[in-house]
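Just so it is clear, the structure is predicted and the values come from calculations on it, not from any experiment. Side chains included, hydrogens not; waters and symmetry mates left out as well; all remaining heavy atoms used.
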Amino acid sequence: MTYENLAGRTAVVTGAASGIGAAIAHALAANGARVALLARRADRIGEVASKIEANGGQALAVTTDITSDSSVEAAVSSVHSAFGPVDILVNNAGVMIPEDIITASFDDWRKMIDTNVTGLLRVTRAFTPDLAAEGHADLVNISSIGAHEYFKDYAVYGATKAAVTYLSKSLRAELGPKGVRVTNIEPGLVESELRAGITGEAGEFLDNWIAKAGILAAEELADVVAYATSRPAHVNLRQIVALPTTQY
């Protein structure tokens, strides 16, 4: 699918080293947007950027830790130097660590909160002056159905995603009047590296669920992002839940 309205725009995608983030970067670049890839793994975002460029797109790999003020500030400077102001921001970076509330590690809770909530806020604030100055821009937050549904051992992860969904809703009141569309996307089961580190009972639960409900490809969710950000300027798809048809 081709979305002509993305041509000439400038996008930032966090968590772009793999999975959903990499797929979003590819989709936006394939439709003519300049794309800055932000993630901690320099080698991986370098590979993604090289593939985009080999396909005729424009990409910039920016090694970034969104839990660090100085790292995000440096990323903003790098993006501006290469591409100028940003008019699409996709907050995709996330951490998912399912654990029992009694035995869970406080460090794991901090990782999820620092990345999923505070990191998202840090990046959003850093690029909001760009978004608000354009008169037509997009802020896309990748939340989760975990913001509404509940699953054993996912209490803290779900709480962080509920915060993202609420932030998206509230930010529309601040940014909508400035021409910034805020789109909150809540995926269900989607291929990503979030699954890779989950073992034991939680991993078995996910495997059984996927076998029963199916799973979306990262590219299919990326197409949702490209579609939402390519609508006419006065149209805001503010809330999207994207699930496999057989997931319920």
Is there side-chain contact between [X] and [Y], with heavy atoms separated by less than 4.5 Å?
{"X": "Met112", "Y": "Ile97", "result": "yes"}
{"X": "Val72", "Y": "Arg122", "result": "yes"}
{"X": "Ile142", "Y": "Val140", "result": "yes"}
{"X": "Glu191", "Y": "Leu216", "result": "no"}
{"X": "Leu243", "Y": "Leu189", "result": "no"}
{"X": "Ile145", "Y": "Gln247", "result": "yes"}
{"X": "Val12", "Y": "Val79", "result": "yes"}

Cationic tip of Arg110 above Phe106 ring, under 6.0 Å, 45° of axis: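 The answer is no; the distance or angle limit is not met.
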
Distance-only polar pair, side chains of Asn91 and Asn141, donor-acceptor under 3.5 Å: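 Result is yes, a qualifying pair exists.
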
Donor-acceptor pair between Arg172 and Asn236 side chains, under 3.5 angstrom: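 A pair is found: one side chain offers a donor N or O, the other an acceptor, under 3.5 Å apart.
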
Could you tell me the separation between the [atom1] atom of [X] and the [atom2] atom of [Y], rounded to the nearest 0.5 Å?
{"X": "Tyr166", "Y": "Leu171", "atom1": "OH", "atom2": "CG", "value": "9.5 Å"}
{"X": "Tyr154", "Y": "Met96", "atom1": "OH", "atom2": "CE", "value": "4.5 Å"}
{"X": "Leu37", "Y": "Thr14", "atom1": "CG", "atom2": "OG1", "value": "10.5 Å"}
{"X": "Thr118", "Y": "Leu121", "atom1": "OG1", "atom2": "CG", "value": "6.5 Å"}
{"X": "Ile185", "Y": "Ser144", "atom1": "CD1", "atom2": "OG", "value": "12.5 Å"}
{"X": "Asn116", "Y": "Thr67", "atom1": "CG", "atom2": "OG1", "value": "11.5 Å"}

Any donor and acceptor pair, going by atom type alone, linking the side chain of [X] with main-chain N or O of [Y] inside 3.5 Å?
{"X": "Asp108", "Y": "Ala104", "value": "no"}
{"X": "Ser170", "Y": "Leu167", "value": "no"}
{"X": "Asp65", "Y": "Arg40", "value": "no"}
{"X": "Asn55", "Y": "Lys51", "value": "yes"}
{"X": "Ser68", "Y": "Ile66", "value": "no"}
{"X": "Glu220", "Y": "Ala217", "value": "yes"}
{"X": "Thr160", "Y": "Ile113", "value": "no"}
{"X": "Thr183", "Y": "Leu237", "value": "yes"}
{"X": "Thr128", "Y": "Thr124", "value": "yes"}

Do [X] and [Y] belong together in a cluster built from hydrophobic side chains that touch within less than 4.5 Å?
{"X": "Val62", "Y": "Leu89", "result": "yes"}
{"X": "Val90", "Y": "Phe127", "result": "no"}
{"X": "Ile240", "Y": "Leu139", "result": "no"}
{"X": "Leu175", "Y": "Val164", "result": "no"}
{"X": "Leu28", "Y": "Val86", "result": "no"}

Full working for side chain to side chain contact (heavy atoms under 4.5 Å, CB included) between His80 and Asp130: CA-CA 10 Å; His80 285 169; Asp130 284 7; 2.6 Å; yes

Minimum heavy-atom separation for [X] to [Y], with atom names?
{"X": "Arg41", "Y": "Ser18", "value": "NH2-OG, 3.3 Å"}
{"X": "Phe151", "Y": "Gly146", "value": "CE1-CA, 4.4 Å"}
{"X": "Ala155", "Y": "Ile101", "value": "CB-CD1, 4.5 Å"}
{"X": "Ala16", "Y": "Ile45", "value": "C-CG2, 4.0 Å"}
{"X": "Thr63", "Y": "Ser71", "value": "O-OG, 4.3 Å"}
{"X": "Gly214", "Y": "Pro244", "value": "O-CG, 3.7 Å"}

Check against side chain to side chain contact (heavy atoms under 4.5 Å, CB included), Ile52 and His26: CA-CA 6 Å; Ile52 288 172; His26 276 287; 3.5 Å; yes

For [X], all residues meeting side chain to side chain contact (heavy atoms under 4.5 Å, CB included), sequence neighbours excluded:
{"X": "His136", "value": "Arg9, Asp138, Arg181, Ala233"}
{"X": "Pro129", "value": "none"}
{"X": "Ala147", "value": "Ser143, Lys161, Ala162, Thr165, Glu186"}

Glu134 and Asp87: CA distance, side-chain angles, deciding distance, side chain to side chain contact (heavy atoms under 4.5 Å, CB included) verdict: CA-CA 7 Å; Glu134 290 294 313; Asp87 61 356; 3.9 Å; yes

Step-by-step side chain to side chain contact (heavy atoms under 4.5 Å, CB included) determination, Ile88 to Leu6: CA-CA 9 Å; Ile88 300 174; Leu6 293 175; 3.9 Å; yes

